[in-house]
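The structure appears below as structure tokens.
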Amino acid sequence: MPPTPVQRTAQVIREDRAGRGQCLAFPQMSSCAAVIAVLDTDLVGGHFTADLAPGDTPPRHVLDNIGRMQEMIGAAPIRRLLIVGFNQNHQPAQICAALGCGRDARGETVVEAYDLARKKPSEMTVFATFIDAHSRPIIEFKRQGSVTEARHRPAATLEEARVYPADLEVKYTLHTLRKHFTNL
């Protein structure tokens with residue numbers, strides 16, 4: 001008997017956009033990185049395209065997306081920050097600094113990274129599912145061709161075409177990232 005497809009309802013976040021929810025999906029990652037901030041009750045995530053600008057200042061599209069994430073985070077403390085993706089195309093330390101990761105009243109933010117290049121994918125969808133404020137969210141992935149989505153409603157604006165709730169179906173099983181996270 002073939003395996004049952006996996007179904008998820010998630011906030012889908014396309015390139016150079018940010019979103020908030022209990023389950024986030026970052027489709028079509030081929031050279032991108034998903035930046036995921038764990039808050040007290042949910043996740044805020046940003047889908048970042050390549051940012052290999054020389055120097056200490058991130059390029060404009062990165063700064064814009066960091067701004068979107070900061071608006072969603074507001075005054076809430078970031079309990080943990082994950083950077084999952086093709087990290088050779090990004091400067092994680094700049095993103096961490098721009099988001100203000102560091103110490104809060106309960107201690108220092110845990111910052112971890114996982115470089116998906118080790119999986120040798122061509123293009124994939126990454127899922128992040130909230131557990132609690134002090135745990136690493138469940139990070140799963142699947143090749144893009146095995147993921148289909150059904151939007152909850154048609155896009156009325158350009159922003160809704162890039163960040164939207166959807167039901168996603170994954171053929172077979174999702175792969176979970178458990179090991180090989182590095183602390184930054």
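Predicted, not measured: the structure shown is a model, and the values here were computed from it.
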query: Within the side chain of H47, is there an N or O that forms a donor-acceptor pair under 3.5 Å with the backbone of I13?
result: yes
message: So if I apply the side-chain contact (heavy atoms from CB on, under 4.5 Å) rule between F127 and each of L24, I139, V170, which one comes out positive?
response: V170
message: Could you tell me if the side chain of Q7 sits less than 4.5 Å from the side chain of D167, heavy atoms only?
response: no
field: Any donor-acceptor N/O pair, R162 side chain to R17 backbone, under 3.5 Å
entry: no
- line: Scanning both residues in full, the closest heavy-atom pair of R14 with Q28 reads NH1-OE1, 2.9 Å
- prompt: Which pair of heavy atoms, one from C32 and one from E15, lies closest together, and at what distance?
  reply: SG-CG, 4.3 Å
- prompt: Under a single-linkage definition using a 4.5 Å side-chain heavy-atom cutoff for Ile, Leu, Val, Met, Phe, Trp and Tyr, are I138 and L168 assigned to the same hydrophobic cluster?
  reply: no
query: Atom CZ in R143, atom OG1 in T125: separation rounded to 0.5 Å?
result: 11.5 Å
task: Over all heavy atoms of both residues, which pair between G19 and V163 is shortest? Give the atoms and the distance, please.
output: CA-CG1, 4.1 Å
- prompt: Is there a donor-acceptor contact under 3.5 Å from the side chain of Q70 to the main chain of A98?
  reply: yes
statement: Of E149, E140, E169, the one forming a side-chain hydrogen bond (donor to acceptor under 3.5 Å, both in side chains) with R8 is E140
message: Just so I know, are the side chains of T9 and H152 near enough to count as touching, which here means a heavy-atom distance under 4.5 Å?
response: yes
query: How long is the span from the CG atom in D132 to the OG1 atom in T41, to the nearest 0.5 Å?
result: 11.5 Å
- prompt: If you group Ile, Leu, Val, Met, Phe, Trp and Tyr by side-chain heavy-atom gaps below 4.5 Å, do L39 and V110 land in one group?
  reply: no
From I66 atom CD1 to H61 atom NE2, the distance as rounded to the nearest 0.5 Å: 9.5 Å
query: Would you call R153 and Y164 a side-chain contact if the rule is heavy atoms closer than 4.5 Å?
result: no
query: Closest approach of V38 and F130, non-hydrogen atoms and distance?
result: CG1-CE1, 4.0 Å
task: Show your reasoning for whether side-chain contact (heavy atoms from CB on, under 4.5 Å) applies to Y114 and L82.
output: CA-CA 8 Å; Y114 189 97; L82 284 91; over 6 Å; no
N-O pairing of R68 and D64 below 4.0 Å: no
- prompt: So which heavy atom on Q11 is nearest to which on P165, and how close?
  reply: OE1-N, 3.7 Å
message: Between T109 and C96, is there a side-chain heavy-atom distance shorter than 4.5 Å?
response: no
message: Is any side-chain heavy atom of H134 closer than 4.5 Å to one of R79?
response: yes
statement: Paired with P137, the side-chain contact (heavy atoms from CB on, under 4.5 Å) test is passed by just one of L43, T129, D42, namely L43
- prompt: Looking at side-chain heavy atoms only, is the closest gap between I36 and F26 below 4.5 Å?
  reply: yes
message: To the closest 0.5 Å, what do you measure between CG (D16) and OG1 (T49)?
response: 3.5 Å
